[in-house]
Amino acid sequence: MLRVLCGTVSTVTYRYKTVQHQLPRASRSSVCSKMPSCWLIREDGTHAPLLLHHLKTLVLGRGPETKIKDQKCSREQVELRADCNKGYVTVKQLGVNPSSVDSVTVGKGNQVTVRPGQRLHMVNQLYAYTVKFSEDTIAPKASKHRSEINQRSKRPLSEVEEDTAEPAPPHKDPAPPHKDPALHQNATVNSASPPKKAAPTSDKPQPAGHWSQGLKVSMQDPKMQVYKDERVVVIRDKYPKARYHWLVLPWQSVSSLKVLQAEHRDLLQHMQHVGEQMIQKCPDAARLKFRLGYHAIPSMSHIHLHVISQDFDSPCLKNKKHWNSFTTDYFINSEDVIRMLETEGRVSVREGTEELLKQPLRCHICHREQNTIPQLKQHLTTHLHTPTH
DNA sequence: GTTCTAGAAC
DNA sequence: GTTCTAGAAC
């Protein structure tokens with residue numbers, strides 16, 4: 001975990017000096033120390049965790065550090081100050097639009113604290129951050145990683161990454177596009193055009209513009225793409241049901257599990273591999289469990305592999321159908337789908353699968369039944385630090 | 001897939 | 001009274 005964090009640390013500009021200049025001697029040469037440190041972690045992974053130094057003030061807002069381009073967010077939106085001994089970060093709202101902690105507005109000029117487990121939204125309930133304190137020693141390998149990251153940051157930015165680009169209009173999407181560098185040597189993010197699509201495998205056609213065709217639109221939108229290669233594209237789920245929720249879609253038109261044949265095996269294997277790489281690049285990978293799989297009877301056309309963290313900590317998770325679609329056998333593991341293709345040449349969905357969506361709410365970790373969605377969500381917070389893997 | 005909202009549940 | 005669900009509409 002820490003190796004990952006350390007490996008992706010960004011140098012951020014403090015109000016007066018850069019971090020590098022402010023670091024104590026031990027930390028200046030390397031971040032590998034036993035000094036308590038605090039990390040500000042962007043939940044959707046849009047940028048690397050930022051190091052908050054003990055009792056040093058850091059002002060953040062719209063800018064390259066956060067990659068926030070939303071005009072509603074001030075360039076100096078919040079002032080942060082970590083107290084590593086006491087284990088909290090004070091947040092002062094400087095901007096005019098609301099910053100919030102756990103959905104409670106801070107208010108301009110006001111100051112509140114944010115602790116691990118709480119969520120800071122930079123502005124308008126968007127751009128979620130959490131804080132993490134640590135005293136752990138960071139692996140020496142990290143310094144190499146950091147230099148790699150620094151090198152990477154010197155590369156020319158792709159079109160949508162340029163800070164000079166038009167600011168994105170304010171949107172309700174809780175997970176703005178991720179502009180991570182390419183995951184693979186031959187793969188690019190937001191650059192190459194997709195190859196021409198193969199002919200649709202087969203499915204009942206829905207009129208274009210119907211809601212069920214939405215993924216086909218999203219996957220072609222460069223702003224939605226977080227990864228792409230010659231065979232697949234990854235987008236962030238528009239309504240994520242957990243802190244991390246990506247969809248891996250093939251360029252090739254495959255309507256659903258129903259049309260899969262043995263010849264699709266390699267494609268599905270690649271989709272899973274790309275999903276696993278997304279997890280590997282996730283700053284929270286070490287402390288979160290993930291699952292990769294398909295909904296047995298998806299609502300949206302165009303086959304899509306869900307890559308979803310098992311915290312299910314998301315305001316978009318609202319009802320029993322949402323919950324059961326990810327925590328019952330309605331969710332079929334990617335490897336099971338691939339195995340079925342190998343052994344049977346097709347993917348069979350058991351009769352009565354749809355009924356699984358109506359099952360009572362049951363915690364996916366301890367299996368205790370919960371009466372309502374709010375109760376379930378409250379219950380899930382008790383597992384926030386439960387080791388799940 | 002989501003949003004909206006009537007009415008059930010509390 | 002409020003909270004929450006579930007079905008219709010999109």
Side-chain angles (χ1 to χ4, degrees), chain A residues 44 102-104 124-126 128 169-177 200 203-221 223-226 232-250 253-259 271 275 291-309 312-332 334 337 347 349 352-364 368-381:
Chain A
D44 59 22
D102 284 349
S103 301
V104 178
N124 290 337
Q125 297 291 331
L126 295 168
H171 54 77
K172 289 183 178 177
D173 189 342
D203 204 11
K204 292 169 194 167
Q206 284 282 357
H210 187 266
W211 58 262
S212 66
Q213 306 301 302
L215 287 180
K216 294 177 185 172
V217 178
S218 296
M219 66 183 276
Q220 301 289 345
D221 180 355
K223 290 196 285 294
M224 301 290 284
Q225 298 164 350
V226 292
V232 302
V233 60
V234 182
I235 60 174
R236 217 182 302 283
D237 194 296
K238 195 173 176 185
Y239 299 93
K241 304 301 185 292
R243 291 181 185 177
Y244 299 93
H245 188 180
W246 297 288
L247 304 178
V248 185
L249 306 104
S253 180
V254 180
S255 59
S256 72
L257 293 180
K258 285 186 289 185
V259 305
M271 288 167 69
R291 283 185 74 191
L292 299 92
Y294 299 85
H295 280 155
I297 309 164
S299 303
M300 306 295 281
S301 188
H302 202 101
I303 197 165
H304 50 284
L305 171 68
H306 291 271
V307 181
I308 182 166
S309 57
F312 295 112
D313 176 18
S314 167
C316 298
L317 196 153
K318 292 177 178 174
N319 58 47
K320 184 178 270 188
K321 185 177 174 179
H322 292 156
W323 179 254
N324 284 334
S325 72
F326 287 102
T327 59
T328 68
D329 288 344
Y330 194 91
F331 190 85
I332 311 175
S334 172
V337 168
V347 178
V349 171
T353 298
E354 201 150 13
E355 296 306 305
L356 296 175
L357 296 178
K358 296 172 186 167
Q359 281 189 344
L361 300 168
R362 201 171 281 282
C363 173
H364 65 313
R368 288 199 190 104
E369 196 170 316
Q370 304 295 322
N371 289 328
T372 64
I373 287 288
Q375 270 178 36
L376 171 67
K377 291 195 166 205
Q378 179 61 39
H379 172 81
L380 290 179
T381 64

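Note that these values count all heavy atoms, side chains included, but never hydrogens, waters or copies made by symmetry. Numbers restart at 1 for each chain; the letters A, B, ... are given by sequence-line order, proteins then strands. Note that the coordinates shown come from a computational prediction; the quantities given were computed from them, not determined experimentally.
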Task: Ring-ring centroid check A:His295 A:Phe326, cutoff 6.0 Å - done: yes
query = Does A:Tyr239 stack onto the base of B:dG1, taking stacking as ring centres under 5.5 Å apart and planes under 30° apart?
reply = no
Between the CG atom in A:Leu215 and the CG atom in A:Leu247, the distance rounded to the nearest 0.5 Å is 6.0 Å
Rounded to whole Å, the CG-P distance (A:Leu361 to C:dT3) equals 19 Å
Ranking C:dA6, B:dG1, C:dC4 by distance to the side chain of A:Thr372, first place goes to C:dC4
A:Leu249 atom CG is separated from B:dG1 atom C1', nearest whole Å, by 13 Å
From CD1 of A:Ile235 across to C1' of B:dG1 the rounded distance in Å is 12 Å
CG (A:Asn324) and CZ (A:Phe331) are apart, to the nearest 0.5 Å, by 13.5 Å
Margin query: I want to check one thing: is the phosphate of B:dG1, taken as OP1 and OP2, less than 4.0 Å away from some side-chain N or O of A:His322?
Written below: no
From CZ of A:Arg236 across to C1' of B:dG1 the rounded distance in Å is 18 Å
Taken to the nearest 0.5 Å, the spacing of A:Tyr239 OH from A:Ser314 OG works out to 11.5 Å
At 4.0 Å (heavy atoms only), tell me whether A:Lys318 reaches a base, stays on the sugar-phosphate, or touches nothing. sugar-phosphate
- Message: What's A:Lys241 touching, base or sugar-phosphate or nothing? Going by heavy atoms closer than 4.0 Å.
- Response: sugar-phosphate
Separation of C:dT5 atom P from A:Gln370 atom CD, nearest Å, is 12 Å
Taken to the nearest whole Å, NE2/A:His210 to P/B:dT2 is 14 Å
A:Asn324 CG to C:dT5 P, in whole Å, measures 12 Å
Looking for any heavy atom pair under 4.0 Å, which part of the strands does A:Ser212 touch: base, sugar-phosphate only, or nothing?
nothing
Near-ring test A:His364/A:Trp323, centroid separation under 6.0 angstrom = yes
Give one of base, sugar-phosphate or nothing for A:Leu215, where a contact means two heavy atoms less than 4.0 Å apart. nothing
Between NZ of A:Lys377 and P of C:dT5 the distance, given in whole Å, is 10 Å
